[in-house]
Amino acid sequence: MSISKEEWKLEQKRVNHVVELAKKRIGGLGGYIAEVQSDIVDIRKHFWDDVTVNLDDATEAAETAASMKQQSELLAERERSFRHVNTEIERLRRIEDSPYFGRVDFREEGESETESIYLGIASMMDEKGEDFLIYDWRAPISSLYYDHSPGHVSFQAPESEIKGEMTTKRQYVIRRGKILSLFDTGLTIGDELLQEVLGRQADAQMRSIVATIQKEQNRLIRDEKSQLLIVRGAAGSGKTSAALQRIAYLLYRYRDQLQANQIILFSPNPIFNSYVSSVLPELGEENMQQATFQQYLDRHLGKDYQVEDPFQQVEYTLTAQQDVDYQIRIDGVHFKSTEEFLQIIDDYLVHLGKKGLWFQDICYRGEPMVTKEEIKRQFLSYDTTRSIPLRMDLLKEWLLERLSIKAKQEEKADWVEEAIELLPDEVYQQIQQRVQRKERFSEETFDDFERQRKMLKEYVVKKQFKKLYQSVRRLHFIDFRQTYLNIWQQDGQTDSRLPHDWSRIGMQTARMFTKKRIPYEDATPFLYFKGQIEGFPKDLSIRHLFIDEAQDYTPFQFLFLKRMFPRSKMTILGDLNQSIFAHASDGFQSIGTLFPEQRTAEIVLHRTYRSTEPIVTFTRQFIPDGKSIQPFARDGALPRLVHVRQPQAWIKAIVKSAKERLEQGFKTVAIICKTAAEADEVYQKLHPLLEVHLIRKESSNFETGVLIIPSYLAKGVEFDAVIIYDASLSVYNKESERKLFYTACTRAMHDLELFYMDELSPFVQEVDSKSYQQVEFD
């Protein structure tokens with residue numbers, strides 16, 4: 001609906017008023033923050049001047065500690081004030097630039113007056129602090145804007161449901177305090193605003209979508225009841241964006257109960273972490289914890305083992321089909337991902353509790369001090385009704401006591417006397433000072449020489465035994481590797497749960513475990529197995545767990561994460577059509593059955609917003625249920641299939657295409673290769689001819705320009721233009737690669753081009769020829 005010039009002027013007048021008020025408040029806070037900052041500098045500079053340090057006796061030491069505590073608390077209070085005021089200034093600056101994006105006129109049932117409610121990324125009161133000039137988009141009343149068209153409406157307030165009538169829904173595009181676009185609509189979010197937002201070029205970081213949240217996304221964002229929220233959505237349907245707005249909503253809704261560090265997001269790769277890192281700060285919230293599942297595995301296993309990552313595994317599945325043991329490994333990958341394998345491990349642990357684990361000798365100076373047989377006998381002597389971790393604690397204490405006895409005996413050994421003579425002078429000085437301190441606080445009389453000699457022996461032996469003590473505390477006397485591998489000693493013929501090639505999977509697993517290397521498919525089972533022996537490292541502080549690209553997780557991994565974060569609600573987001581890893585066969589599909597005790601809700605997002613309608617129409621034909629994907633009506637060029645006739649012309653054609661896309665004004669042009677090996681090869685050919693960035697699995701930043709990236713690293717991010725480097729039959733020809741190919745193509749927002757030689761991939765051959773352009777390149 002068009003807006004009259006007079007009404008437009010009135011709207012701009014209101015914007016001007018809000019902007020001026022924001023500027024005024026920024027000015028007022030500017031002086032205060034300068035004062036606080038000066039206080040912080042002064043306290044830090046003179047910290048020790050204002051602290052009386054005296055450690056002569058216990059009373060003076062206590063006074064010193066109290067003085068230091070007082071100064072530290074004062075400094076911490078000033079720093080908190082600085083952060084709070086700085087956050088408020090940032091919030092006001094965002095309001096100064098774009099105060100709000102929506103308005104609804106609402107008359108509550110039983111009331112005669114209609115209230116105009118303006119929505120922005122943060123709330124703002126008037127000069128008197130009585131009325132809201134802007135409502136935060138997360139406020140209960142704001143759901144009117146996202147969920148309803150004008151007419152009879154309602155929203156859920158904290159205490160009850162509020163009903164009434166919406167007479168107007170208005171949408172704004174405001175930049176630098178000026179209204180650029182203004183219109184009334186009967187839709188949830190008008191297409192005009194979406195066209196404006198979606199038509200922009202891709203940035204190096206994801207933007208907030210609060211101005212364009214759709215009704216189904218709003219349901220996802222504001223869900224408070226579900227313990228397990230499953231979100232299934234097509235590529236580009238806004239799953240990740242909505243999940244980040246959900247985190248912002250939860251932090252707003254439960255501000256007094258929930259902190260950002262109590263939320264963790266597991267994402268597909270480090271590049272993705274960088275890509276989404278600005279969304280919450282843009283909304284005035286601290287970022288939640290972020291990690292990839294691989295980083296989590298490395299943190300818990302990386303000190304003792306080299307853990308294969310999922311990208312190495314997918315490279316294997318894409319390039320090693322000729323390996324004689326290829327199918328054995330694939331079978332192993334599938335079975336180790338299942339809930340059945342977890343149950344087999346649990347059963348095996350019960351067996352170990354009765355029969356004992358594989359232990360290792362504790363050696364000292366090249367000789368066994370405590371043999372593995374002694375350790376096993378001691379373990380089996382404990383009550384078998386006690387858990388294995390509890391018995392390990394008892395065993396650890398027993399071993400530490402054995403070490404202490406041995407250490408005392410060792411002080412009399414000849415080598416200790418020799419070692420004392422080789423100690424540096426500073427050690428002698430430290431021991432001498434300790435002897436003098438002991439004499440000062442004791443009424444007894446010591447022979448200084450003998451006392452010093454005894455302490456030197458203790459020092460030498462303690463240093464010698466330090467690694468042994470650490471080794472025992474870390475349970476290094478357990479042979480975890482051998483104990484885990486003996487799972488495969490079970491008879492596959494007597495347990496119907498085991499696959500037919502169980503023993504061959506076991507032999508291959510044993511070979512891959514050599515040199516402390518753990519295959520990716522074994523990393524989670526091994527960490528779970530290890531935790532069930534040494535004590536499961538639960539994190540009770542996490543209250544919300546978000547898993548993005550959840551189709552890449554196995555049932556075993558989902559069950560493991562729930563045990564790791566037992567108090568956490570879970571939001572799981574994924575798309576089965578983008579399941580590209582061999583290990584993730586059906587985890588996301590069956591997740592609801594894994595947690596039957598959880599109060600579960602499922603939301604399906606069919607509409608996709610990332611790509612233009614021609615790109616969606618083209619790519620959805622690659623997958624069986626593609627017709628259910630609904631494109632947003634945003635026009636663009638048809639995807640192009642470029643047939644390169646001569647091999648020597650290939651690089652020339654790619655360079656020409658990339659340059660043309662940049663000349664069109666696209667900020668990000670991705671040349672997507674199938675594997676990392678292909679990406680490396682392409683980079684070597686292109687970088688002398690064109691400025692390009694090679695994205696590897698180690699990359700942590702998402703850059704603009706021309707990027708060369710393996711297909712599986714492109715998951716979760718988007719680009720203005722995508723060039724599929726080689727869509728030939730010789731490259732993409734296996735049914736198992738269909739979803740990988742679909743995922744690569746659906747990264748494109750505005751432009752998609754596929755290069756091939758000789759014959760096209762069968763996935764493209766199935767597509768309606770009206771949905772693309774054919775181009776010949778000589």
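No experiment lies behind these values; they were computed from the predicted model shown. Note: hydrogens, waters and symmetry copies are ignored here, and every other heavy atom, side chains too, is used.
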*Asks:* Under the rule for ring-ring contact (aromatic ring centres under 6.0 Å, His included), what residues qualify as partners of Phe777, not counting sequence neighbours?
*Replies:*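 Once residues adjacent in sequence are excluded, Phe777 has no partner under the ring-ring contact (aromatic ring centres under 6.0 Å, His included) criterion.
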*Asks:* Going through the distances and angles, do Ser98 and Arg175 end up as a side-chain contact (heavy atoms from CB on, under 4.5 Å)?
*Replies:* CA-CA 5 Å; Ser98 182; Arg175 299 287 182 268; 3.9 Å; yes
*Asks:* Parallel, tilted or perpendicular: which one describes the rings of Phe755 and Trp650, with boundaries at 30° and 60°?
*Replies:* tilted
*Asks:* Please enumerate all residues that pass salt bridge (charged side-chain N to carboxylate O under 4.0 Å, His left out) together with Glu678, with sequence neighbours excluded.
*Replies:*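 Glu678 satisfies salt bridge (charged side-chain N to carboxylate O under 4.0 Å, His left out) with no other residue.
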*Asks:* Identify, with sequence neighbours excluded, every residue that meets ring-ring contact (aromatic ring centres under 6.0 Å, His included) alongside Phe335.
*Replies:* Phe341, Trp502
*Asks:* Do the charged groups of Asp552 and Lys715 touch, with an N to O distance under 4.0 Å?
*Replies:*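 So Asp552 pairs with Lys715 through a salt bridge.
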*Asks:* Verify the distance criterion only: is there a donor paired with an acceptor across the side chains of His643 and Glu776 at less than 3.5 Å?
*Replies:* yes
*Asks:* Would you please indicate if the ring centroids of Tyr520 and Phe293 are separated by under 6.0 Å?
*Replies:*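 Not close enough - the centres of the two rings lie 6.0 Å or further apart.
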*Asks:* Glu602: what forms a side chain to side chain contact (heavy atoms under 4.5 Å, CB included) with it, not counting sequence neighbours?
*Replies:* Ile230, Arg232, Val604
*Asks:* Does Lys336 make a cation-pi contact with Phe556, if we ask for NZ or CZ under 6.0 Å from the ring centre and within 45° of the axis?
*Replies:* no
*Asks:* If you measure only the distance, is there a donor-acceptor pair under 3.5 Å linking the side chains of Arg246 and Thr571?
*Replies:*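 Yes - a donor-acceptor pair under 3.5 Å links their side chains.
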*Asks:* Could you work out, with side chain to side chain contact (heavy atoms under 4.5 Å, CB included) as the rule, every residue matching Asp758, not counting sequence neighbours?
*Replies:*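 Asp758: no side chain to side chain contact (heavy atoms under 4.5 Å, CB included) contacts found.
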*Asks:* Under 30°, 30 to 60°, or over 60°: which ring-plane class applies to Phe311 and Phe581, parallel, tilted or perpendicular?
*Replies:* tilted
*Asks:* Quick one: list whatever passes ring-ring contact (aromatic ring centres under 6.0 Å, His included) with Tyr316, sequence neighbours left out.
*Replies:*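 In terms of ring-ring contact (aromatic ring centres under 6.0 Å, His included), with neighbours along the sequence ignored, Tyr316 is linked to Tyr326.
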*Asks:* Would you please say whether a donor-acceptor pair under 3.5 Å links the side chains of Gln684 and Asp680?
*Replies:*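 Their side chains do not contain a donor-acceptor pair, so the 3.5 Å distance test is not met.
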*Asks:* Before accepting this row, confirm whether a basic side-chain N of the pair Glu753/Arg661 lies closer than 4.0 Å to the acidic partner's carboxylate O.
*Replies:* yes
*Asks:* In terms of side-chain geometry, is the basic nitrogen of Lys697 or Asp309 positioned less than 4.0 Å from the acidic oxygen of its partner?
*Replies:*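 So Lys697 pairs with Asp309 through a salt bridge.
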*Asks:* Is the shortest distance from a Lys or Arg side-chain nitrogen in Glu308 or Arg329 to a carboxylate oxygen in the other one below 4.0 Å?
*Replies:* yes
*Asks:* Could you work out, with ring-ring contact (aromatic ring centres under 6.0 Å, His included) as the rule, every residue matching Tyr683, not counting sequence neighbours?
*Replies:*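 For Tyr683 the ring-ring contact (aromatic ring centres under 6.0 Å, His included) partners, ignoring immediate neighbours, are His687.
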*Asks:* Take atom CZ of Arg94 as the centre, draw a 6.0 Å sphere, and report whether it contains more than 12 heavy atoms from other residues, nucleotides or ligands.
*Replies:*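 Atom CZ in Arg94 is packed in, count exceeds 12.
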*Asks:* Above 12 or not: heavy atoms from other molecules or residues under 6.0 Å from CD of Glu691?
*Replies:* no
*Asks:* Does Arg504 have more than 12 heavy atoms from other residues, nucleotides or ligands lying within 6.0 Å of its CZ?
*Replies:*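 No, not enclosed.
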*Asks:* Under 3.5 Å, is there a donor-acceptor pair between the side chain of Gln773 and the main chain of Arg640?
*Replies:* no
*Asks:* Could you tell me how the ring of Phe763 sits relative to the ring of Phe741: parallel (under 30°), tilted (30 to 60°) or perpendicular (over 60°)?
*Replies:*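 Ring orientation, 0 to 90° scale: tilted.
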*Asks:* Could you verify whether a donor N or O on one side chain and an acceptor N or O on the other, from Thr240 and Asp548, lie under 3.5 Å apart?
*Replies:*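 Distance-only check passes for Thr240 and Asp548.
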*Asks:* With sequence neighbours excluded, what pairs up with Asp298 under the side-chain hydrogen bond (donor to acceptor under 3.5 Å, both in side chains) test?
*Replies:* Gln294
*Asks:* Using a strict cut-off of less than 4.0 Å between a Lys/Arg side-chain nitrogen and an Asp/Glu carboxylate oxygen, indicate whether Lys659 and Glu663 qualify as a salt bridge.
*Replies:*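 Salt bridge flag = no for Glu663 with Lys659.
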*Asks:* Looking at residues at least two apart in the chain, or sitting in another chain, which of them share a side-chain hydrogen bond (donor to acceptor under 3.5 Å, both in side chains) with Lys739?
*Replies:* none
*Asks:* Could I get the full list of side chain to side chain contact (heavy atoms under 4.5 Å, CB included) partners for Pro268, not counting sequence neighbours?
*Replies:*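 Pro268: side chain to side chain contact (heavy atoms under 4.5 Å, CB included) contacts with Phe272, Glu549.
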*Asks:* Taking only residues two or more places apart in sequence or in another chain, which ones pass side-chain hydrogen bond (donor to acceptor under 3.5 Å, both in side chains) with Arg511?
*Replies:*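 In terms of side-chain hydrogen bond (donor to acceptor under 3.5 Å, both in side chains), with neighbours along the sequence ignored, Arg511 is linked to Asp325.
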*Asks:* Between Gln621 (side chain) and Thr617 (backbone), is there a donor-acceptor pair under 3.5 Å?
*Replies:*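 It does hold such a pair.
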*Asks:* For Glu766, give me all partners under side-chain hydrogen bond (donor to acceptor under 3.5 Å, both in side chains), at least two apart in sequence or on another chain.
*Replies:* Arg738
*Asks:* Examine Lys215 relative to Tyr146 and say whether NZ or CZ is less than 6.0 Å from the centre of the six-membered ring and inside a 45° cone about the ring axis.
*Replies:* no
